[in-house]
Protein chains: 2
Amino acid sequence: MINATRAVLDMLAGKWTVEIVYLLATGTRRYSEVLYEVGEISKKTLTQTLRSLEHHGLVDRREDPDLPTRVEYSLTPLGWSLTEPLMALYEWAAAHLLGARTPTQRLTA
Amino acid sequence: MINATRAVLDMLAGKWTVEIVYLLATGTRRYSEVLYEVGEISKKTLTQTLRSLEHHGLVDRREDPDLPTRVEYSLTPLGWSLTEPLMALYEWAAAHLLGARTPTQRLTA
DNA sequence: CTGTATCCAGTAGGATACTG
DNA sequence: CAGTATCCTACTGGATACAG
């Protein structure tokens with residue numbers, strides 16, 4: 001059970017992974033669009049993150065053979081299904097971190 | 001929304017964090033018990049992880065003044081509440097990683 | 001028993017330049 | 001346009017020894 005949970009967490013582990021999933025949840029994007037719309041991510045890290053997501057089956061990479069190359073990234077059905085438990089995490093955060101405040105936030109508030 | 005989600009993920013970020021939460025969900029433990037029951041974790045990392053969980057209000061640290069010192073760790077109500085979205089992640093993994101298989105697993109299967 | 005201090009290796013991720 | 005190659009820094013976590 002820990003292992004299964006960790007497996008999911010590992011899929012989302014990167015610094016920008018969740019943000020990219022959320023972004024693609026709003027629609028297909030080209031490489032450069034993701035690069036632009038995601039805050040200060042480097043191309044190297046973006047490629048790594050997208051490859052990881054693709055490797056785990058959450059994201060689909062579709063390459064257009066025309067020049068200059070066009071590559072489109074989109075969520076797979078599996079990727080979409082993951083947004084559900086992801087929303088559960090968000091709901092928890094909204095209820096407990098914004099509502100009740102954590103000790104951390106109390107200090108800096 | 002990304003930020004709130006990331007905040008939760010950051011709470012669970014450590015290599016052993018989730019395992020410790022699951023362990024404490026089965027009952028209060030002493031430091032040495034956690035050390036023993038969690039696979040190959042170092043004392044340094046264990047202390048760091050517990051401190052982080054405590055700092056985020058998920059775990060309660062209770063020190064017994066008697067010598068030799070006895071310290072008991074347990075989940076707070078907030079920590080307990082987190083097991084719910086955590087279960088949602090596990091359920092997703094159970095349904096999609098074990099059931100349908102990811103490309104990754106297909107390759108190595 | 002419950003840590004802390006120190007040192008060290010591996011990895012994530014940024015900056016920059018280059019390629020098909 | 002969509003990356004790759006290279007270099008570099010910071011952080012994570014393990015090993016070991018020491019401390020109250």
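By convention in this document, chain letters (A, B, ...) are assigned in the order of the sequence lines, proteins followed by strands, and residues within each chain are numbered from 1. Heavy-atom basis, side chains included; hydrogens, waters and symmetry copies ignored.
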Find the distance [X]:[atom1] to [N]:[atom2] and express it as a whole number of Å.
| X | N | atom1 | atom2 | answer |
| --- | --- | --- | --- | --- |
| E54(B) | dT2(C) | CD | P | 14 Å |
| R62(B) | dC1(C) | CZ | C1' | 17 Å |
| D64(B) | dC1(C) | CG | P | 14 Å |

Does V18(B) belong to the same Ile/Leu/Val/Met/Phe/Trp/Tyr cluster as M1(A), with side-chain heavy atoms less than 4.5 Å apart forming each link?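 Yes, same cluster.
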Hydrophobic cluster membership, with links at side-chain heavy-atom distances under 4.5 Å among I/L/V/M/F/W/Y: are Y22(A) and Y36(A) in one?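 Different clusters.
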Close side-chain approach of V8(B) to L82(B), heavy-atom, < 4.5 Å: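 Yes, side chains in contact.
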Not counting sequence neighbours, which residues clear side-chain hydrogen bond (donor to acceptor under 3.5 Å, both in side chains) with N3(B)? List them please.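 Result, side-chain hydrogen bond (donor to acceptor under 3.5 Å, both in side chains) vs N3(B): none returned.
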Using the side-chain contact (heavy atoms from CB on, under 4.5 Å) rule, pick out the option among R29(A), R61(A), R30(A) that qualifies with V71(A).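 Single side-chain contact (heavy atoms from CB on, under 4.5 Å) partner of V71(A) among R29(A), R61(A), R30(A): R61(A).
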Where is the tightest heavy-atom contact between [X] and [Y], given as atom of each residue plus distance?
| X | Y | value |
| --- | --- | --- |
| D60(A) | T76(A) | N-CG2, 3.6 Å |
| A7(B) | L97(A) | CB-CD1, 4.0 Å |
| W16(B) | T45(B) | CD1-CG2, 3.8 Å |

Chain A contact limits on DNA chain D, taken 5' to 3' with a cut-off of 4.0 angstrom to heavy atoms: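 Extent of the interface on DNA chain D: dC1(D) to dC7(D).
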What does nucleotides 4-20 of chain C look like as a protein-contact string, B for base, S for sugar-phosphate only, - for none, at under 4.0 angstrom between heavy atoms? S-BB-----BBB-----
Please state whether the phosphate of dT2(C), meaning OP1 or OP2, lies under 4.0 angstrom from any side-chain nitrogen or oxygen of R30(B).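 The answer is yes; a side-chain N or O of R30(B) sits under 4.0 Å from OP1 or OP2.
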